[in-house]
There are 2 protein chains.
Amino acid sequence: MVLRTGNADHRTTTSGLLAGFVGERVPASHFKYRKGVEIFGEDDEAEYVYQIQSGAVRTYKMLPDGRRQINSFHLPDDMFGFENGPIHRFSAEAVIETTVCIIKRCSLVDEMAAREGGARDLIGLVTSNLQHAENHMLLLGRKTALERVVAFVHEMDERQHRPAVIRLPMNRRDIADYLGLTLETVSRALSTLRDDNILRFHDSTQRQVELLNRNRIAELNA
Amino acid sequence: MVLRTGNADHRTTTSGLLAGFVGERVPASHFKYRKGVEIFGEDDEAEYVYQIQSGAVRTYKMLPDGRRQINSFHLPDDMFGFENGPIHRFSAEAVIETTVCIIKRCSLVDEMAAREGGARDLIGLVTSNLQHAENHMLLLGRKTALERVVAFVHEMDERQHRPAVIRLPMNRRDIADYLGLTLETVSRALSTLRDDNILRFHDSTQRQVELLNRNRIAELNA
DNA sequence: CGTCGCGTTGACAAGGTTCAAATTTGGTGG
DNA sequence: CCACCAAATTTGAACCTTGTCAACGCGACG
């Protein structure tokens with residue numbers, strides 16, 4: 001089975017793809033959102049497509065009683081908010097202070113459709129999201145708490161290109177709502193991994209993680 | 001990679017969503033798969049796209065130790081197996097005896113791309129899968145066992161156009177692997193719904209379900 | 001210097017899983 | 001036609017992983 005690291009690989013191509021448009025024929029502007037601010041809500045009109053310049057965004061769905069499921073985290077260069085229909089199917093919020101590049105959805109779609117191979121790129125964009133969702137369903141439906149947390153740090157590691165120290169922009173509750181757990185369970189799993197010398201924290205807020213044993217991580221992630 | 005032709009009943013006709021294409025310029029044939037037979041495997045070459053004529057198909061991913069997550073069930077007229085890349089990201093099996101219409105992936109994609117608005121249709125196809133996956137992540141990450149089973153019968157009810165009696169082609173284990181539960185938990189939840197007069201079984205194998213109170217179902221499904 | 005947000009940890013509860021057994025059904029072969 | 005067996009489903013009981021509730025520590029910030 002091929003190891004698919006979320007949609008990180010597609011996302012990088014995506015940024016290049018978008019670079020070919022923005023500023024040439026598709027108007028774009030920049031916006032800044034402060035920590036915790038909503039970018040768009042479920043069922044809002046899908047007017048814009050977003051690309052992150054700095055910061056981090058969570059997209060999520062909620063149940064009426066407040067239970068929340070985060071679909072994905074978006075990091076610099078990632079696009080989000082692309083919809084086929086006229087309505088957003090989920091909400092988006094800034095996890096920390098975030099700068100985004102905003103493109104009008106209709107102009108992007110028109111331009112892409114007109115361009116040679118543009119349709120294929122758009123399908124690739126949606127497909128990479130679908131691929132991530134498929135992997136995440138397997139995680140949510142069938143993995144243990146420890147496996148989920150391992151998968152999470154692995155994903156973050158890959159998406160930050162295996163840095164010396166992973167920086168987590170989100171808090172434990174966000175991680176929990178992404179992994180279908182409680183924040184306490186996430187905390188305990190991370191402590192277990194720390195005690196097993198698989199990772200180490202580099203700051204007092206426990207948001208900077210060094211992976212001490214990527215082999216074990218990859219093993220546990222199988 | 002293999003197109004299993006062992007029990008094939010080979011013809012060349014057309015129906016359903018693809019009627020606009022198939023038989024005109026895109027060659028198609030029909031195949032029959034017996035209960036439990038694999039249609040394609042994860043990482044197989046994605047040579048064909050499939051549309052169900054009769055029967056039912058499950059698509060799923062597996063972990064090395066055998067844990068399984070079913071992404072979705074496909075019923076008559078549904079398409080499945082469409083990939084952007086050259087490789088299937090999951091496996092597909094016939095839940096019961098199933099007849100499918102098979103189209104070569106490359107010819108379908110070419111034809112769709114050439115056609116006016118065809119690209120949009122393809123994106124819509126992928127998007128509807130993504131939408132289902134997003135809803136399913138919410139279910140897997142945040143819903144209780146009873147809520148999941150309610151959501152399942154609701155989905156089956158809708159997809160069979162609210163029949164007098166829902167016919168479930170899949171067994172309890174399939175339902176469990178779709179909902180991220182065990183087959184025992186699914187059975188217990190269905191028994192609870194039966195005891196609460198929300199549904200009733202119409203046959204000895206408990207595969208035919210009558211919904212006695214669609215309002216309660218819709219409520220619980222919120 | 002008090003408060004608040006965030007994270008960790010402990011004790012306990014509970015929802016779901018595991019293991020086991022009984023029942024039913026459908027299929028197969030004698 | 002009947003005996004036998006495998007597969008599917010239900011149900012019970014024990015167990016365990018995860019959730020819930022609470023306490024505590026720490027740093028940031030007004």
Side-chain angles (χ1 to χ4, degrees), chain A residues 34-36 56 58 63 65-69 93 95-97 139-150 152-153 167-196 199-209, chain B residues 34-36 56 58 63 65-69 93 95-97 139-150 152-153 167-196 199-209:
Chain A
R34 280 206 291 275
K35 179 177 171 178
R58 56 179 171 253
L63 291 170
D65 65 357
R67 283 173 286 175
R68 181 179 68 160
Q69 178 62 42
E93 285 175 1
V95 173
I96 51 177
E97 176 158 303
L139 179 149
L140 294 171
R142 287 299 176 218
K143 291 190 179 178
T144 66
L146 192 61
E147 289 171 328
R148 295 180 201 206
V149 172
V150 165
F152 173 74
V153 298
R167 289 168 192 265
L168 303 177
M170 68 293 284
N171 64 25
R172 298 292 189 259
R173 174 171 296 281
D174 286 336
I175 300 174
D177 285 351
Y178 179 57
L179 300 178
L181 301 170
T182 61
L183 65 92
E184 293 93 337
T185 300
V186 171
S187 177
R188 278 185 249 269
L190 287 170
S191 297
T192 300
L193 294 172
R194 164 173 49 69
D195 295 347
D196 292 353
L199 56 79
R200 187 165 58 167
F201 294 114
H202 270 248
D203 68 330
S204 57
T205 64
Q206 320 285 71
R207 301 269 190 107
Q208 298 181 24
V209 179
Chain B
R34 280 205 291 273
K35 179 178 172 177
R58 55 180 174 252
L63 290 170
D65 66 356
R67 284 173 286 176
R68 181 179 67 161
Q69 178 61 43
E93 286 174 0
V95 173
I96 52 175
E97 175 158 304
L139 178 150
L140 294 171
R142 287 300 177 216
K143 290 191 179 177
T144 67
L146 192 61
E147 288 171 328
R148 296 180 199 206
V149 172
V150 165
F152 172 75
V153 298
R167 287 165 193 266
L168 303 177
M170 70 293 284
N171 64 27
R172 297 293 188 261
R173 172 170 297 281
D174 286 335
I175 300 174
D177 285 351
Y178 179 57
L179 299 178
L181 300 170
T182 60
L183 65 90
E184 292 93 336
T185 300
V186 170
S187 177
R188 276 185 250 272
L190 286 171
S191 296
T192 299
L193 294 172
R194 164 173 49 68
D195 295 347
D196 292 353
L199 56 78
R200 187 164 56 166
F201 295 114
H202 270 248
D203 67 329
S204 54
T205 63
Q206 320 285 70
R207 301 270 190 104
Q208 297 183 26
V209 179

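Every chain is numbered from 1 and lettered A, B, ... according to where its sequence line falls, protein lines coming before strand lines. Keep in mind that this is a model prediction, so the values were computed, not measured.
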Atom pairs under 3.5 Å: protein N/O with N/O of nucleotides 17-22 of chain C:
unit_1 : atom_1 : unit_2   : atom_2 : d
C:dT17 : OP2    : B:Thr182 : N      : 3.4
C:dT17 : OP2    : B:Thr182 : OG1    : 3.2
C:dT17 : OP2    : B:Thr185 : OG1    : 2.4
C:dT18 : O4     : B:Arg188 : NH2    : 2.8
C:dC19 : N4     : B:Glu184 : OE2    : 3.3

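The residues B:Arg142 and A:Asp177 are annotated as salt-bridged, a charged nitrogen and a carboxylate oxygen being separated by less than 4.0 angstrom.
Between the CD atom of B:Glu147 and the P atom of C:dG15 there is a distance of 12 Å, rounded to whole Å. Atom C1' of nucleotide D:dT9 and atom CZ of B:Arg194 are separated by 11 Å, given to the nearest angstrom. Nucleotide D:dT9 holds its C1' atom 10 Å from the CG atom of B:Leu190, rounded to whole Å. In this entry the distance linking CG of A:Asp174 with C1' of C:dC6 reads 12 Å, nearest Å. Between the CZ atom of B:Phe201 and the P atom of C:dT25 there is a distance of 14 Å, given to the nearest Å.
In the set D:dT11, C:dC6, D:dT9, the nucleotide with an atom closest to the side chain of A:Asn171 is C:dC6. Side chain of B:Thr144, nearest nucleotide from C:dT8, C:dG16, D:dT9: C:dG16.
When the side-chain nitrogen and oxygen atoms of B:Arg207 are compared with OP1 and OP2 of C:dG26, none of them lie within a distance under 4.0 Å. The side chain of B:Thr205 contributes no N or O atom lying less than 4.0 Å from OP1 or OP2 of C:dG26. OP1 or OP2 of C:dT8 lies within a sub-4.0 Å distance of a side-chain N or O belonging to A:Gln206.
In this structure, the helix from C:dC1-D:dG30 to C:dG30-D:dC1 shows an angle of 30° between the axis at its start and the axis at its end, each fitted on 5 base pairs and rounded to 10°.
In terms of position along DNA chain C, the nucleotide closest to A:Ser191 lies nearer the 5' end than the nucleotide closest to the other residue of the pair B:Lys143 and A:Ser191.
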